[in-house]
Amino acid sequence: MTGHSRSAGERSAPQVSLHLLGGFRLTHDETPVVVPRGLQRVIALIGLRPGATRSHLAGLLWPETAEERALSSLRTALWRLRQDPYCPLVTDGDTVRLGPRVAVDIDELVQTAARVRTGDVPDTTGAALAAGRHDLLPGWYDDWVLLERERLRQLRLHMLEQLAGNHLAAGRHGQALEAALEAMAAEPLRETPHRLVVRIHLAEGNAFEAVHAFYVYRDLLLRELRLEPSPAMCALLDETLAPIRHATRPPATPRRPAATPPAASRARPQA
């Protein structure tokens with residue numbers, strides 16, 4: 001198989017789906033395919049690093065093995081995968097990638113995040129909220145998995161926060177709040193989504209909701225990390241509540257001058 005445009009036979013070929021979010025799962029026309037754990041690692045890495053060189057793949061998969069032995073292990077794994085029609089590969093010189101009819105679920109998250117960055121907001125809200133809700137390959141602790149897991153987690157958080165900000169700027173407060181709360185659920189201690197929630201409530205004129213959201217986050221932060229919210233977070237409410245505080249502050253009572261003692265009491269005692 002090559003990387004050129006697909007023929008009519010290929011277009012009608014069964015769909016292969018590789019799921020890496022929430023756990024490894026390979027399906028062939030929606031039927032699960034049993035894959036040995038060793039080959040799962042190879043398939044997952046190729047799906048995450050399309051077009052990677054053989055030496056790069058071998059070094060990540062067998063980091064504590066000599067290069068020649070790691071490359072030999074990779075050649076054996078690739079040979080085994082080529083015998084299995086359920087996970088087609090494309091090789092181009094020294095690089096390896098999955099076949100064009102293999103759909104990888106992380107691609108949906110990456111593509112949705114790119115659409116949000118370009119301002120394609122209304123059509124991507126539902127997809128953005130659902131994309132990437134599950135961690136990459138939970139229970140896997142390879143260094144390359146941990147790196148990719150954190151990269152995708154940050155990608156999703158920034159996507160949701162930008163989506164909330166875009167909705168807020170356009171006055172779509174309900175959708176903005178939904179995206180901010182989704183980001184908050186993904187990382188409860190992260191301040192940015194909490195700050196967005198406060199801003200959204202203020203934009204709607206809901207001062208009580210804004211104050212409540214602020215103190216819920218402040219209590220959580222103090223309890224978990226013994227930290228206070230940032231000055232930027234506090235400033236949101238300082239600016240809003242200043243007129244209220246000023247209006248409800250009791251008027252200052254003028255201070256009475258100190259009583260002057262009678263002249264007789266001021267007289268110095270006689271010697």
Side-chain angles (χ1 to χ4, degrees), residues 19-22 103-136 148-249:
H19 304 269
L20 302 177
L21 298 172
V104 186
D105 59 353
I106 62 169
D107 291 343
E108 180 182 355
L109 171 59
V110 173
Q111 292 163 7
T112 303
R115 293 176 64 190
V116 171
R117 282 196 300 271
T118 59
D120 187 4
V121 175
D123 294 339
T124 55
T125 297
L129 295 179
R133 272 198 178 124
H134 303 289
D135 283 342
L136 174 73
E148 288 295 323
R149 183 182 298 154
E150 180 61 17
R151 181 182 73 84
L152 293 174
R153 190 180 76 89
Q154 291 293 332
L155 176 69
R156 181 171 188 258
L157 286 170
H158 283 88
M159 173 189 68
L160 291 170
E161 290 165 359
Q162 183 163 5
L163 183 66
N166 291 346
H167 279 309
L168 176 58
R172 295 184 290 265
H173 298 139
Q175 292 167 294
L177 187 60
E178 190 176 10
L181 291 175
E182 185 76 26
M184 187 188 301
E187 184 47 82
L189 291 173
R190 185 179 172 95
E191 182 175 298
T192 313
H194 290 271
R195 197 186 308 166
L196 278 163
V197 168
V198 172
R199 288 177 55 202
I200 294 164
H201 287 314
L202 292 175
E204 291 184 301
N206 295 323
F208 168 77
E209 295 282 5
V211 173
H212 177 71
F214 172 84
Y215 281 105
V216 165
Y217 175 62
R218 181 177 182 270
D219 290 346
L220 174 66
L221 203 59
L222 284 171
R223 183 172 64 253
E224 298 293 332
L225 300 177
R226 296 181 180 272
L227 294 175
E228 288 278 354
S230 71
M233 179 78 159
C234 297
L236 290 175
L237 289 181
D238 287 343
E239 296 172 2
T240 302
L241 297 181
I244 301 174
R245 290 170 179 159
H246 179 75
T248 57
R249 186 179 301 134

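What you see is a predicted model; the values in this text were computed from it and never measured.
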K.L.:
On a heavy-atom basis, which atom in Met159 and which in Ala128 lie closest, and how many Å separate them?
P.N.:
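Heavy atoms only, the tightest pair is CE-O, 3.4 Å.
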K.L.:
Could you measure the distance from the CG atom of Leu155 to the CD atom of Glu150? Nearest 0.5 Å is fine.
P.N.:
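So the CG of Leu155 and the CD of Glu150 are separated by 11.0 Å.
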K.L.:
Determine the minimum heavy-atom distance between His173 and Ile200, stating which atoms define it.
P.N.:
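Of all heavy-atom pairs spanning His173 and Ile200, the closest is O-CG2, 3.8 Å.
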K.L.:
On a heavy-atom basis, which atom in Ala179 and which in Leu129 lie closest, and how many Å separate them?
P.N.:
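Smallest heavy-atom distance, with atoms named: CA-CD2, 3.8 Å.
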K.L.:
Taking C-beta and beyond as the side chain, do Glu187 and Arg153 meet within less than 4.5 Å on heavy atoms?
P.N.:
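When only atoms from C-beta onward are counted, Arg153 and Glu187 do touch, with a gap below 4.5 Å.
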K.L.:
Quick one: pull up CZ in Arg117 and OG1 in Thr112 and give me the separation to the nearest 0.5 Å.
P.N.:
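The CZ atom of Arg117 sits 10.5 Å away from the OG1 atom of Thr112.
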K.L.:
Considering all heavy atoms of both residues, which atom of Leu20 and which atom of Val104 are nearest to each other, and what is their separation?
P.N.:
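Nearest pair, atom of Leu20 first, then Val104: CD1-CG1, 4.2 Å.
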K.L.:
How long is the span from the CE atom in Met184 to the CZ atom in Arg195, to the nearest 0.5 Å?
P.N.:
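Rounded to the nearest 0.5 Å, the CE-CZ separation comes to 12.0 Å.
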K.L.:
Considering only heavy atoms from C-beta outward, does the side chain of Arg190 approach that of Glu161 to under 4.5 Å?
P.N.:
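The answer is yes; the side chains approach within 4.5 Å.
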K.L.:
Does any part of the side chain of Leu221, heavy atoms only, come nearer than 4.5 Å to the side chain of Pro229, both counted from C-beta?
P.N.:
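Heavy-atom side-chain distance check passes, below 4.5 Å.
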K.L.:
Would you check if the side chain of Arg156 reaches a backbone N or O of Ala131 as a donor-acceptor pair within less than 3.5 Å?
P.N.:
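Side chain of Arg156 to backbone of Ala131, a donor-acceptor pair under 3.5 Å: yes, one is there.
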K.L.:
So does Gln154 get a backbone contact from the side chain of His158, meaning a donor-acceptor N/O pair under 3.5 Å?
P.N.:
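At least one qualifying donor-acceptor pair exists.
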K.L.:
What is the distance from atom CD of Gln111 to atom CD1 of Ile106, rounded to the nearest 0.5 Å?
P.N.:
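Those atoms lie 10.0 Å apart.
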K.L.:
Hey, are the side chains of Glu228 and Cys234 touching, using non-hydrogen atoms and a 4.5 Å cut-off?
P.N.:
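When only atoms from C-beta onward are counted, Cys234 and Glu228 do not touch, as no gap falls below 4.5 Å.
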K.L.:
Ignoring hydrogens and angles, tell me if any N or O in the side chain of Tyr217 forms a donor-acceptor pair with the backbone of Leu189 under 3.5 Å.
P.N.:
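Side chain of Tyr217 to backbone of Leu189: a pair is present.
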K.L.:
Could you walk me through whether Leu163 and Gln175 pass the side-chain contact (heavy atoms from CB on, under 4.5 Å) test, one step at a time?
P.N.:
CA-CA 9 Å; Leu163 183 66; Gln175 292 167 294; over 6 Å; no
K.L.:
Give the minimum heavy-atom separation between Pro188 and His194, together with the two atoms involved.
P.N.:
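For Pro188 versus His194, the nearest heavy atoms are O-NE2, 2.7 Å.
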K.L.:
In this structure, are over 12 heavy atoms from other groups packed under 6.0 Å from Arg199 atom CZ?
P.N.:
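It does not: Arg199 CZ has 12 such atoms or fewer within range.
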K.L.:
Which atom pair, heavy atoms only, marks the closest approach of Asn166 to Val116?
P.N.:
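Closest heavy-atom pair between Asn166 and Val116: ND2-O, 3.7 Å.
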K.L.:
Between CG of Leu202 and CD of Glu209, what distance do you get to the nearest 0.5 Å?
P.N.:
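So the CG of Leu202 and the CD of Glu209 are separated by 11.0 Å.
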K.L.:
Could you tell me the separation between the CG atom of Leu152 and the CG atom of Leu21, rounded to the nearest 0.5 Å?
P.N.:
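These two atoms lie 6.5 Å from each other.
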K.L.:
What do you reckon, is CD of Gln162 surrounded by more than 12 foreign heavy atoms closer than 6.0 Å?
P.N.:
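Yes.
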